[in-house]
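By convention here, the first residue in the shown sequence is residue 1. Computation of the quantities below employed the complete heavy-atom set of this structure, encompassing side-chain atoms and omitting hydrogens, waters and symmetry-equivalent molecules.
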Amino acid sequence: QLQASGGGVVQAGGSLRLSCQASTRTGGTYAHAFGWFRQPPGKEREFVAALSASATNTAYADSVKGRCTISRDNAKSTVYLQLSNLKADDTAVYYCAARLTAPQSTAVSTGKNLYRYWGQGTQVTVSS
């Protein structure tokens, strides 16, 4: 249901935009709330950013706050993760995730167990 893209090799200090398209339409009863997670080499999957179904509320991990923006394009059923001033510690496989909720919901979820749908992951490598 979720197709992530946009990863690659970027120099430290550079920027990258990841995309994640949801292939399943939700209709009017439900909407997707999205999250981005990442898994650095040899580490657990960790929260990066989240966006409410209403698209009015966001949450960011402290490690990316100020360098990261999550946004969505409802017409394209796509969520984006803009990363800037990339550091070596940002190297990871990035996963998008989604959960169904009411369209007006302002809740943001940082826990990976709260998401039902996951993309296949896209590798981001930051070179120094």
Exercise. Which heavy atom in Ala4 sits nearest to a heavy atom in Thr122, and how many Å separate them?
Worked result: CB-CG2, 4.4 Å

For this session: Group every Ile, Leu, Val, Met, Phe, Trp and Tyr by side-chain heavy-atom contacts under 4.5 Å, then state whether Leu114 and Leu51 land in the same group.
Result: no

Problem set entry | For Ser52, all residues meeting side-chain contact (heavy atoms from CB on, under 4.5 Å), sequence neighbours excluded | Ser54, Thr56, Asn57, Val108

Exercise. With sequence neighbours left out, what residues match Gln123 under side-chain contact (heavy atoms from CB on, under 4.5 Å)?
Worked result: Thr91, Val93, Thr125

Exercise. How long is the gap from CG on Leu86 to OG on Ser127, to the nearest 0.5 Å?
Worked result: 10.0 Å

Exercise. Which pair of non-hydrogen atoms, one from Ala98 and one from His32, has the smallest distance, and what is that distance?
Worked result: CB-CD2, 3.8 Å

Seminar exercise, completed: Residue pairs passing the ring-ring contact (aromatic ring centres under 6.0 Å, His included) test with at least one member in residues 75-104, sequence neighbours excluded, are none

For this session: Enter the distance from Gln82:CD to Ser71:OG here, rounded to the nearest 0.5 Å.
Result: 8.0 Å

For this session: Answer whether the closest heavy-atom distance between the side chains of Gln3 and Ser23 falls below 4.5 Å.
Result: no

For this session: Identify the heavy atoms of Ser19 and Trp36 that sit nearest to each other, and give their distance.
Result: O-CH2, 3.7 Å

Problem set entry | Nearest atoms (heavy-atom pairs only) where Ala12 meets Ser128 | CB-CA, 4.3 Å

Exercise. Listed by chain and number, what are the salt bridge (Lys or Arg N to Asp or Glu O under 4.0 Å) partners of Arg67, not counting sequence neighbours?
Worked result: Asp90

Problem set entry | Note, Thr101 side chain near Tyr30 side chain (heavy atom, < 4.5 Å) | no

Exercise. Which residue pairs pass the disulfide (SG to SG under 2.5 Å) test with at least one member in residues 52-92, sequence neighbours excluded?
Worked result: none

Exercise. Can you name the residues that form a ring pair (Phe, Tyr, Trp, His ring centres under 6.0 Å) with Tyr60, not counting sequence neighbours?
Worked result: none

Seminar exercise, completed: Residues passing the salt bridge (Lys or Arg N to Asp or Glu O under 4.0 Å) test with Lys65, sequence neighbours excluded, are Asp62

Exercise. Of all residues at least two apart in sequence or in a different chain, which pass the side-chain contact (heavy atoms from CB on, under 4.5 Å) check with Glu46?
Worked result: Arg38, Pro40

Exercise. Can you name the residues that form a side-chain contact (heavy atoms from CB on, under 4.5 Å) with Thr110, not counting sequence neighbours?
Worked result: Phe47, Ala59

Exercise. Roughly how far, to the nearest 0.5 Å, is the CZ atom of Phe34 from the OG atom of Ser77?
Worked result: 7.0 Å

Problem set entry | salt bridge (charged side-chain N to carboxylate O under 4.0 Å, His left out) contacts in which one or both residues fall within residues 95-118, not counting sequence neighbours | none

Exercise. Do side-chain atoms of Ser105 reach the backbone of Ala107 as a donor and acceptor pair under 3.5 angstrom?
Worked result: yes

Problem set entry | Distance in Å, Cys96 SG paired with Ile70 CD1, rounded so as to fall on 0.5 Å steps | 9.5 Å

For this session: Report the relative orientation of the aromatic rings in Phe37 and Tyr115; use parallel for angles under 30°, tilted for 30 to 60°, perpendicular for over 60°.
Result: perpendicular

Problem set entry | Leu81 side chain near Leu83 side chain, heavy-atom distance below 4.5 Å | yes

Seminar exercise, completed: For residues 31-61, the disulfide (SG to SG under 2.5 Å) pairs (sequence neighbours left out) are none

Exercise. What residue pairs, at least two apart or across chains, pass salt bridge (charged side-chain N to carboxylate O under 4.0 Å, His left out) with a residue in residues 70-82?
Worked result: none

